[in-house]
Amino acid sequence: MEQLQFRKSSYSVGNPEQCVEVAPAPKGVRVRDSKGSALNLLEFGSDAWAAFLRSSRSSA
């Protein structure tokens with residue numbers, strides 16, 4: 001498995017023990033729970049991730 005550079009969500013500041021981490025991947029992004037292992041990853045394609053970000057920003 002390739003080495004991924006995960007970063008924590010900016011919304012995780014208040015509770016660093018329970019957060020979501022995101023890493024760029026060759027075909028999009030990978031998302032994981034910070035408590036989970038590398039085997040428990042969700043992968044989203046670039047188009048799906050962009051749609052998610054647009055949707056989350058418009059509802060904020």
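Here, residue 1 is the first one in the sequence, and each next residue gets the next number.
To the nearest 0.5 Å, the span separating CD on E43 from CZ on R30 amounts to 4.0 Å.
Applying the side-chain contact (heavy atoms from CB on, under 4.5 Å) rule to A48 yields no partners; only residues at least two apart in sequence or on another chain are considered. With sequence neighbours left out, F52 forms a ring pair (Phe, Tyr, Trp, His ring centres under 6.0 Å) with W49.
Heavy-atom minimum distance, S46 versus G28: OG-CA, 3.6 Å. Closest heavy-atom contact between F6 and R32: CD1-CZ, 3.4 Å. Shown here for Q5 and A23, the closest heavy-atom pair between the two residues is O-CB, 3.5 Å.
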Problem set entry | Test log, rule side-chain contact (heavy atoms from CB on, under 4.5 Å), inputs L41 and L4 | CA-CA 11 Å; L41 299 173; L4 300 172; 4.2 Å; yes

